[in-house]
Amino acid sequence: MDVVIGLEVHAQLLTRSKMFCGCATTFGAAPNSQTCPVCQGMPGSLPVVNRRAVEFGIRTALAFNCRVNEACRFARKHYYYPDMPKNFQISQYEEPLAEDGALEIDVDGASRTIGIQRLHLEEDVGKLVHEGTLETAQASLVDFNRSGVPLMETVSRPDLRSPEEAAAYLRAFRAVLVYLGVCDGNMEEGSLRCDANVSLRPRGSSELGTKVEIKNMNSFKNVQRALEFEVRRQAEALEAGLRLVQETRLWDAERGYTRSMRSKEFAHDYRYFPEPDLVPLRIDRAWVDAIRAGLPELPRQRRQRFLRQYGLPAYDAELLTHSQALADYFEAATGELPQAKLVSNWIMSELLRVLPADDEAAIRAAKITPRHLAGLLKLIEDGTISGKIAKDVFQKMVVSGEEARAIVAREGLTQLADEPALAAVIDQVIARNPKAIEDFRKGKTAAAKALVGQIMKATQGKANPAIVNRLLEEKLSKI
Amino acid sequence: MPDAERPPMISREDVLHVARLARLELSEPELEKMREQLNSILTYIDRLKELDVTGVEPTSHAVPMVNVMRDDVVVPCFPRDEMLANAPDRVGEFFRVPRIIED
């Protein structure tokens, strides 16, 4: 069977004010403190389009090589749910902002182009909090702060062929949005949300199977897990000769399965019609050209540059450029210390051990700044400390935000490179370990390693390993 | 009905469907009244179709105006208590609504 997946991504745009009114969009404000008659949908209130939201939409459309439609208008999408008191959402239906683009993704070293069908703007809705659990709740509480926050919906073509590709698409998509500065990409806070359409069809067939929509996947990991589950569920049903129904299913992350949403919860009968309270938009070519001219370097371009300019392996370049903050971090550190691969290794193995790669804010706020990291690596390069000691120092820098030099000086971690002093230590260790020497004579080269360990121990790990190895080899060869 | 010759365009079932989507409960006489009114509206729309609109640009708006936009500037929101004042039910800072049940 072929897997056919299409993704719909909703992204909250980083505007200061809402889509159709001047209320603030600050996340986490006290409930219902950021509302007005427009975003609460009171009769008689009138929406006015936020120009910045349209600009962000165009910016994104251009990054995905979409055609920006000159004629564009808003429509009312009707449905009844208490998260939206006016009983329709202002969205776009016919004449969306942009259509027909593409996003390149990489899975297992192979590149694939995923079509983007359309990109449109709409308003977010309020947030429901259930009293008690969902099953026992007698009432729901509504917070309208989110109502009216600008949302950009981007619909991919059903070009994705596996849950891994879907996750790769979402990662690449998110990276572009963050680079463009139009969305913070935070899936946990819901500023980036993803629904998927999944179906199976006989291998090679061009006909689409029965499609199931999956909602409520609020992290990259959950998108992949939910899709893996759903593909398996559909395959098992089809193998057993069952018919699938077209439906919407909710991903339950805790229990690890998708469950059917009651069909009437989502009647797909939205009765769209043009929003009479908003006049159409006529997107000026000059505006589009100006936005195009201001596009920043995008993740793929930056990755290519990292390969070229720093000679990094493809894996490093890919990982570093997925996050704008991480790529910035790398470039700032490399500016201080040009050993790009060394910097990259430390970012990937040490920095990402303490910071999540997709948390832009945490990376930008890291106590160990790019300059601090470069300072630490310089100490390894000039032989002041060993790589092993540097890892300990790194851990301290992460917590305290101090410079490596200060920690090394205070804790006396400077590497022992004094040859006569080291030679004396080595002689003592040799004298104390006749058994190891005997083993070495009999051809057990591993015995030399044990001696190195002893020497390092005797110097609290501060002995310069290169010098120790050389001196020890000289001495052993004379025995 | 103005055009008694034609079969009704909107059936009883159509009215029930639309009423359900709009969460309206209609009595039997209301249902029939809605059906008649909706049919007469559609008949009127049909009459408009008789107009020759060749060369007339379709529009979704009565006013020939485009690109009414505002700058992305935050203005003070309404006081929460004022916004909550008309709520039929509230709990603290929240609106309280009945639990959504299946019908």
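Residue numbering restarts at 1 for every chain, and letters A, B, ... go by the order of the sequence lines. Heavy-atom basis, side chains included; hydrogens, waters and symmetry copies ignored.
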Could you note down all residue pairs passing side chain to side chain donor-acceptor pair (under 3.5 Å) where residues 55-64 of chain B supplies at least one of them, sequence neighbours left out? A/Arg73-B/Ser60
Yes or no on salt bridge (charged side-chain N to carboxylate O under 4.0 Å, His left out) for A/Glu123 and A/Lys18, after CA distance, side-chain angles and deciding distance? CA-CA 8 Å; A/Glu123 56 180 342; A/Lys18 291 187 179 180; over 6 Å; no
Residue from B/Arg90, B/Arg96, B/Glu82 scoring the most non-hydrogen pairs under 4.5 Å with chain A is B/Arg96
Passing option when A/Asn69 is tested against A/Arg282, A/Glu95, A/Glu99 for side chain to side chain donor-acceptor pair (under 3.5 Å): A/Glu99
Sort A/Phe20 into side chain, backbone, both or neither according to what part of it lies under 4.5 angstrom from a heavy atom of chain B. backbone
Who wins among B/Asp72, B/Val18, B/Val75 for the most heavy-atom pairs under 4.5 Å with chain A? B/Asp72
Quick one: of A/Arg52, A/Arg271, A/Glu55, A/Glu275, who has the most non-hydrogen atom pairs under 4.5 Å with chain B? A/Arg271
What class does the angle between the rings of A/Tyr272 and A/Tyr93 fall in, given that below 30° is parallel, 30 to 60° is tilted and above 60° is perpendicular? parallel
Most contacts with chain A, counted as non-hydrogen pairs under 4.5 angstrom, among B/Val66, B/Asp71, B/Asp89: B/Val66
Most heavy-atom pairs under 4.5 Å with chain B, out of A/Cys39, A/Cys23, A/Ala53, A/Gly126, belong to A/Cys23
Give the intermediate values and the outcome of side-chain contact (heavy atoms from CB on, under 4.5 Å) for residues A/Gln40 and A/Asn32. CA-CA 10 Å; A/Gln40 283 205 5; A/Asn32 292 305; 4.3 Å; yes
Criterion side-chain hydrogen bond (donor to acceptor under 3.5 Å, both in side chains) on A/Ser91 and A/Arg76, from CA distance to verdict: CA-CA 6 Å; A/Ser91 179; A/Arg76 291 186 177 183; over 6 Å; no
Nearest heavy-atom contact between B/Arg35 and B/Ser11 is CD-C, 3.8 Å
Against chain B, work out which of A/Pro82, A/Pro37, A/Pro276 has the most heavy-atom pairs shorter than 4.5 Å and name it. A/Pro37
Side chain, backbone, both or neither of B/Ala22 within contact of chain A (heavy atoms, under 4.5 Å): both
Per-residue contact mode, B/Val91 against chain A (heavy atom under 4.5 angstrom): side chain
Quick one: of A/Ala75, A/Pro274, A/Pro31, who has the most non-hydrogen atom pairs under 4.5 Å with chain B? A/Pro31
